[in-house]
Number of protein chains: 2
Amino acid sequence: MAQPLYLQIADDLEEQIRSGDLSPGSQLPTEDDLRDKYRASRNTVRDAIKRLVGQGLVETRPGQGTFVTTKVDPFVTVLTGKPAIAGGEGPFYLSEVNAEHRKPFRTTPRVEVQTAPGMITRRLRVPSGTHLVSRHEQRYIDDLPWSLQTSFYPMEFIARGATRLLIAEDITQGAVDYLAEAIGLEQIGYRDWITARRPDSNEQRFFRISHDSTVFEIFRTGFDQHRKPMRVTVTVFPADRNQFIVNTGDDLPDPRYDDLPDA
Amino acid sequence: MAQPLYLQIADDLEEQIRSGDLSPGSQLPTEDDLRDKYRASRNTVRDAIKRLVGQGLVETRPGQGTFVTTKVDPFVTVLTGKPAIAGGEGPFYLSEVNAEHRKPFRTTPRVEVQTAPGMITRRLRVPSGTHLVSRHEQRYIDDLPWSLQTSFYPMEFIARGATRLLIAEDITQGAVDYLAEAIGLEQIGYRDWITARRPDSNEQRFFRISHDSTVFEIFRTGFDQHRKPMRVTVTVFPADRNQFIVNTGDDLPDPRYDDLPDA
DNA sequence: GCAAATTTGTTCGTATGTATT
DNA sequence: CAATACATACGAACAAATTTG
C-alpha cells in the first residue's frame, strides 16, 4: 500500500477542486457514488471526505450532500494607525482594504460587571478577581458574522464619571474619545497581542465554523498618558475570512492597489 | 441519544486533561482499555481520540500509544520596531519576549533564482514570471523548528552590485544594511500581511505538525526611499508555538513584565 | 539480530439514527 | 409519508510501527 486508500481518494478530490473541475458551491457525488467510483467502502470514502472537511475544502450537510466551500473575499484589518484617528471607529481602528461596498454592522453591546479571567486582569494590571465592566458585541460585514469583541474597563472609571460605559448603547463617538472627554484619560497607544486557537462552542455557532477550524484572538491593551493600561479589548476573528496588516514606518504606499491576496 | 457516544467519550477525556487528572506528556489508556471502560467499540473510541487530536489536546504515536500534548512556552515575536534597529537581526526584527535563555539558530540560506508565484511578484510590483533571487532558510529555537523563511529580491539588484545576495552565506550584518551599503537602497519601512492557513506537506514534516493544525504566514514587504517595494519576505510559523505583538504609539511599557500568556 | 507482544492505522461490511427534500 | 443523504456505531480482520524479551 503506497498510500492509504482514503488519502488517495482525498488527494484526487482535492486535485479536482483545486483545478476547478469541481467549482466552489457545487456538490460532490454522494458517498454511495464515490464508493462505486473508487471501489472502496462507504466508510473509506467518508474518511477521505472527513479529511477534506478538516482542510476546509468541503462542507457536509446532512440530508443534502457534500459541497465545495465557497471562499469569501477576505476581510483585511489594519492594526496600526495613528491612535487619534480611532475615534468613531470603535475600539479597533478598522480600515477595510478593498471593502468599498461592504456594510459593517454591530449589535448593541451587552454590558456586564464581572470578575474577568486572568488573561484580562493581568493585562490591565489589576488583582485577579477585580470587578470589571465588560462590553460585548457581535460584528457583521454584509450580514456575515465577522468578529466577536469584548472590551474591559476598570469599575473605577464609573465612579470617576464615565457612567455611559455602563449603558447598553453604542458609544458612537468612540469609547476612547468618550473617556478622554469624561474623565480626562488619553490613550497614547496600544499593544496588540495576536494568537491563533481553535474556536469554542459559542464561536463555532456564531461564525458557523467547525470545531477544527481556526480563529485569531487579538488582545488589544490601550495605555493612558501615565503609561498605565486603561482598557483591554479581546476580538475573535475566524481565520478563514480575516487577514491583518501591520505598517511599520511612515508614508508607506496604500496597500489597496497592490498586495491583493490571491483570488 | 442526547449526545453521540464518541463526543461523550471525548468530552470526558478532555475534562480529565483540563483538570490535570491526565497530565501533559502522560499516556492515555490504550484504545482497548478505553473500549472496555466506556463499553464502546474500538472505532467509537478512535473517533473520540481523533477529535482530541484535532483539538491538539493529544497526539498518537503508532506502536506506542496516545499521549497528552505538552504545551511549549510560546515564542513571541514583535512585528513593529524602529526599522533602523533591524540590522544584524535578519529580515525580521525578532525581539524575543521572555526568551532570555533561548538559543536561536538558522541554517545557511538556500539561494535560488526562480520565477516567483503571483503572491510575490504582485507585492514586489514586477510582472509575473520575472526572475527573482530567493533566499530560503530554516530557523530553530532551542533546537525546535520555529519558522521557515524565504526572502525575494529583484535580479536587478545583482547587476547593480549586490552580488552577495547570490551567495549561500549568512549575511551577518543583515540584508537591509548590506543593500544600503552596496547599492544605496534604504528601507524606510515595511508592511506585514498576516494570514493563517493549513500547513503544506513540507511544513508538516519540518514542524512535525499534523495536517489539520494551523500556521501563520506573514508576508513582509520592505519599501525603499522611493516608496517602492524592494523585497518580500515570507515567514511561516506554526500557530501552536508562536504569538505576535504589534505596538502602536511610542513609549509603551515593556510587555515582558505583564501580558504574559496563560501558563 | 530476531521474534513476539503491544499499540495504533486502515479497510470492509452492516445496521440504525437523523436531517432534508 | 417516502426517498435520499449524511451521522453514528459495532464487529472483524489485517497492516504497520514500536517496544520488549
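So that the names make sense, note that chain A is the first sequence line, chain B the second, and so on, each numbered from 1. Any value given below was found using the heavy atoms of this structure, including those in side chains, with hydrogens, waters and symmetry copies removed.
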- Give the rounded distance in Å between these two atoms: CD of B/Q3 and C1' of D/dA7. 14 Å
- Task: Starting at atom CG of A/L5, determine the distance to atom C1' of D/dA16, rounded to an integer number of angstrom.
- Result: 17 Å
- Message: I'd like to know whether B/L79 forms a side-chain contact (heavy atoms from CB on, under 4.5 Å) with B/I194, so could you lay out the CA-CA distance, the side-chain angles of the two residues, the decisive distance to 0.1 Å, and finally the verdict.
- Response: CA-CA 10 Å; B/L79 294 177; B/I194 306 171; 3.7 Å; yes
- Query: Is A/T66 near enough to D/dC6 that one of its side-chain N or O atoms lies under 4.0 angstrom from OP1 or OP2?
  - Reply: yes
- Message: Contact list please: residues 31-44 of chain A against DNA chain D, heavy atoms, distance less than 4.0 Å, in numerical order.
- Response: A/E31, A/R42, A/N43
- Task: Could you please spell out the steps behind the side-chain contact (heavy atoms from CB on, under 4.5 Å) verdict for B/R231 and B/R135?
- Result: CA-CA 11 Å; B/R231 63 142 172 196; B/R135 298 174 62 86; over 6 Å; no
- Message: Below the 4.0 Å mark, does C/dG9 have OP1 or OP2 next to a side-chain nitrogen or oxygen of B/R46?
- Response: yes
- Item | Gap between atoms CG and P, on B/L52 and C/dT8 respectively (whole Å) | 13 Å
- Taking the six-membered ring for Trp, are B/F244 and B/F237 ring centroids under 6.0 Å apart? yes
- Could you pull out all residues at least two apart from A/F206 that satisfy ring-ring contact (aromatic ring centres under 6.0 Å, His included)? A/Y140
- Message: Applying side-chain contact (heavy atoms from CB on, under 4.5 Å) to A/D240 and A/F207, what does each step give before you reach the verdict?
- Response: CA-CA 10 Å; A/D240 61 358; A/F207 294 122; over 6 Å; no
- A/I9 CD1 - C/dC12 P separation (whole Å): 8 Å
- Quickly work out the B/E59 CD to C/dT7 P distance and round it to whole Å. 18 Å
- Task: Decide yes or no for B/Q16 and B/L28: does some side-chain heavy atom of the first lie under 4.5 Å from some side-chain heavy atom of the second?
- Result: no
- To the nearest 0.5 Å, how far apart are CZ in B/R123 and CZ in B/F152? 11.5 Å
- Query: Which whole-number value in Å describes the distance from A/I49 CD1 to D/dC6 C1'?
  - Reply: 9 Å
- Query: For A/Q64 and D/dC6, is the shortest distance between a side-chain N/O and OP1 or OP2 below 4.0 Å?
  - Reply: no
- Query: Any side-chain N or O of A/T60 less than 4.0 Å from the OP1 or OP2 oxygen of D/dA5?
  - Reply: no
- Using the closest heavy atom to pick a nucleotide of DNA chain C for each, name whichever of A/Y6 or B/G65 lands nearer the 5' end. B/G65
